[in-house]
There are 2 protein chains.
Amino acid sequence: MSDAATLADERPRRRDAQATRGRILAAAKDRFGRLGYEGASLREIAAEAGADVALISRYFGGKEGLFTEALKASIQPDRVQAWDRATFARDVASMMADVHREEDRHQHFQFLLRAATSPTTAPLLNVAVQERFLAPIRDWLGGEDAQARARVLAAVFIGFLVERLIRGEPLRGRERDVFIERAAAAFQAVMSEG
Amino acid sequence: MSDAATLADERPRRRDAQATRGRILAAAKDRFGRLGYEGASLREIAAEAGADVALISRYFGGKEGLFTEALKASIQPDRVQAWDRATFARDVASMMADVHREEDRHQHFQFLLRAATSPTTAPLLNVAVQERFLAPIRDWLGGEDAQARARVLAAVFIGFLVERLIRGEPLRGRERDVFIERAAAAFQAVMSEG
DNA sequence: AGTGGATGTCAATGACTGTTGACTTATGAA
DNA sequence: TTCATAAGTCAACAGTCATTGACATCCACT
């Protein structure tokens, strides 16, 4: 109920279909990310968005439609070309070490992870990841067996992400340092050609 | 229904509480692993085991009881001490490359992965993994910051597992070779001291 | 000011969930 | 063979779920 209060204003709101659509989508990402596809209910999502359940079916065609829409909105191709080869490994490592700091990034990854490991939604995610994530990384890596290396890179990335998301606590002090150092080393080992 | 037929023999069976308990447990691991905690229903599990739904509540006390029982049975501490330092990285890498070959191992890992990423069950798994998995690996690794290094090792391990389980297809030919080589390199980078 | 279409509300539906208690049947010891 | 009891069956329960169609309300346009 306090969750709902954050997004749902009890005061009568100005009617705006696009705005409510947006609120529903935001609530969906949050709820799906936190509870998974089966665990999240449309009623909760609607409540958190301060909207009526019926609107979800109306706007998104149903639960699955809402999910795929949220998924599409969550997978925006990053500007891979801009990454710096020299600092990439360490940058990513330290970003992941502090996932919990940035609330929206945390939620974002959590949503994607749940989507990846839910059997109903995994196929949907796979093609998207392949096209908008793996392919750019492959090109960015270049060299021999770029495809396979990109895959391994993604695997390591996912691994650290899972580790971070499952343990709720953020990393601190020496443990954080070791984590970053080792994660960077792992990335480097995977990236390097030959 | 064809799933049920594999385990459930339509012929009248000899009454044996322990045997049906076992069949239910096996079906639970399969179903929970495939569909997650929320996605799997007790009726499906019972059908696959060729038993009645009511027996689950009777024998395991309910859905959560069944799950934790299946979890306990799935996390048996491996004989970590016996691992060979020299070949460890490569052994694990090639084992994971061929996860799909061994059906029961595949199912086993899938179950654990779903348990890890389902919000209702993650806490249950975390303590078990910490005690029976991370602690032994920490001792096996030894040296400075063994705890943190063990954690990173586990993270990489999970990453490859997720990658393998999400993409259904087994690895073949050159792609498999590259995968093993890079995975081994990643493990090595994480394990090595200093 | 009035009106038509967009926007939001409400209640009901049928399907499925986990759990419970009373019931029947098989089994192994007397 | 008898019979107590373990093992398995069945039906019903109270809830929750997603989805739908009819209804009320608002708002921008004429």
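These values consider heavy atoms only, across backbone and side chains, with no hydrogens, waters or symmetry-generated copies. Each chain gets a letter, A, B and so on, in the order its sequence line appears, and its residues count up from 1. All figures in this text were calculated on a predicted structure; none of them were measured in a lab.
A:Phe60 places its CZ atom 15 Å from the P atom of D:dA18, with the value rounded to the nearest Å.
Where B:Gly62 and B:Arg15 each meet DNA chain C at their nearest nucleotide, the meeting point lying more 5' is that of B:Gly62. Mapping A:Arg43 and B:Gln18 onto DNA chain D by nearest heavy atom places B:Gln18 closer to the 5' end of the strand.
Taking the six-membered ring where tryptophan is involved, the planes of A:Phe187 and A:Phe88 are perpendicular, since the angle between them exceeds 60° and thus also 30°. Using cut-offs of 30° and 60° for the angle between ring planes, the A:Phe111 and A:Phe67 rings count as tilted.
In this view, A:Asp177 satisfies the salt bridge (Lys or Arg N to Asp or Glu O under 4.0 Å) rule with no residue, not counting sequence neighbours.
Between the side chain of B:Arg58 and the base of D:dA7 there is no donor-acceptor pair of N/O atoms closer than 3.5 Å.
Within 4.0 Å of A:Ala19, counting heavy atoms only, lies no atom of the nucleic acid at all. Contacts of B:Leu42 with the nucleic acid, taken as non-hydrogen atoms under 4.0 Å apart, involve only primed sugar atoms and P, OP1 or OP2.
By the 4.5 Å heavy-atom criterion applied to side chains, B:Leu66 and B:Phe32 are counted as neighbours.
At least one side-chain nitrogen or oxygen of A:Thr20 sits closer than 4.0 Å to the OP1 or OP2 atom of C:dG8. OP1 or OP2 of D:dC27 sits under 4.0 Å from a side-chain N or O of A:Arg14. Listed pair A:Tyr59 / C:dG8 meets the phosphate criterion, a side-chain N or O lying under 4.0 Å from OP1 or OP2. Between B:Ser57 and C:dG18 there is no side-chain polar atom (N or O) within less than 4.0 angstrom of OP1 or OP2.
Closest to the side chain of B:Ser41, out of C:dC10, C:dT17, D:dT9, is C:dT17.
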